[in-house]
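Remarks on the structure that follows.
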Amino acid sequence: MIHGSRTPVRYWLFKSEPAAFGIAELKRRKNHTEHWDGVRNFQARNFMRDEMQAGDLGFLYHSSCAEPAIVGIMEIVRPGYPDFTAFDPLEPHYDPKSTLQRPLWYMVDVRLKREFRRPITLRELKTHPALVGMRLLARGNRLSVMPVDRREWDYILRLERR
DNA sequence: GCCAACGTTGGC
DNA sequence: GCCAACGTTGGC
């Protein structure tokens with residue numbers, strides 16, 4: 001990349017159910033890339049397909065578990081490209097509406113950057129007035145991939161140090 | 001284009 | 001396991 005041409009990093013949040021896939025697997029494969037596949041929601045797809053860039057960072061969030069929490073930071077190493085798991089009838093997220101010629105679903109590749117020194121739980125996040133606007137905390141939010149404001153990102157990193 | 005029915009998400 | 005919120009589907 002030519003010096004100075006780099007666009008500012010954007011921040012994201014990725015949900016995953018630790019029972020299916022979580023930070024344990026990512027740690028085991030440190031410095032290896034993972035496909036963030038299986039996303040079947042249009043809004044989440046659009047973020048991955050249209051907005052994510054290599055070098056962007058994302059929180060890894062554990063959902064649907066005893067202690068929902070942000071547990072680490074991932075780096076996007078490859079921006080949006082067709083999610084090939086949608087093409088395979090044997091895949092759980094197979095979707096016949098998505099074809100090689102006209103892909104419907106997209107994924108990105110990520111790599112674990114680091115695990116948090118401590119998990120920042122959903123419960124804790126909710127106690128901070130600085131985070132009331134956070135998309136994750138919005139009523140009825142079900143997006144599995146969403147943007148995080150830089151201000152919120154920085155605030156949460158400071159929380160981790162407490 | 002409306003909207004009821006249905007399935008899924010995800011915290012609790 | 002419950003249930004609110006939301007997206008999708010399909011009849012009309």
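In this text the structure is predicted, and so the values were computed from the model without any measurement. Labels below follow one simple rule: chain letters A, B, ... track the order of the sequence lines, proteins then strands, and each chain is numbered from 1.
Checked against dG10(B), dC12(B), dT8(C), the side chain of Arg142(A) finds its nearest nucleotide in dG10(B). Comparing atom distances between the Arg139(A) side chain and each of dT9(C), dG11(B), dC6(C) picks out dC6(C) as nearest. Checking dG10(B), dC6(C), dG11(B) against every side-chain atom of Lys15(A), the shortest atom distance belongs to dG10(B).
When the P atom of dC12(B) is taken as reference, atom CZ of Arg123(A) falls 9 Å away, rounded to whole Å. Taking atom CD of residue Glu17(A) and atom P of nucleotide dC12(B), one finds them 15 Å apart after rounding to whole Å. Whole-Å rounding puts the Trp105(A) CH2 to dT8(C) P distance at 7 Å. For the pair Met146(A) CE and dT9(B) P, the computed distance is 14 Å after rounding to whole Å. Taking atom CD1 of residue Ile70(A) and atom P of nucleotide dG11(B), one finds them 12 Å apart after rounding to whole Å. The distance from atom NZ of Lys126(A) to atom C1' of dC12(B) is 9 Å, rounded to the nearest whole Å. What separates CZ of Arg40(A) from P of dG7(C) is a distance of 18 Å, to the nearest Å. Rounded to an integer number of Å, the gap from His93(A) NE2 to dT9(B) C1' is 13 Å.
With respect to the salt-bridge test (charged N to carboxylate O, under 4.0 angstrom), the residues Arg45(A) and Asp50(A) do not qualify. Salt-bridge check for Lys113(A) with Glu75(A): failed, with every basic side-chain N at 4.0 Å or more from each acidic carboxylate O. Comment: Arg118(A) engages Glu124(A) in a salt bridge, judged by a side-chain N to carboxylate O separation of less than 4.0 angstrom.
Under 3.5 Å, the side chains of Asp109(A) and Tyr81(A) contain a donor-acceptor pair of N or O atoms. If you check the side chains of Arg40(A) and Ser98(A), you find no donor sitting under 3.5 Å from an acceptor.
Contacts between residues 58-67 of chain A and DNA chain B, counted as heavy-atom distances below 4.0 Å, involve Tyr61(A), Ser63(A), Ser64(A).
Contact record, Ala86(A) with Tyr94(A): O-CD1, 3.1 Å, taken as the closest heavy-atom pair.
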Q.
Walk me through whether Arg150(A) and Asp154(A) qualify under salt bridge (charged side-chain N to carboxylate O under 4.0 Å, His left out).
A. CA-CA 6 Å; Arg150(A) 187 202 177 93; Asp154(A) 291 342; 3.6 Å; yes
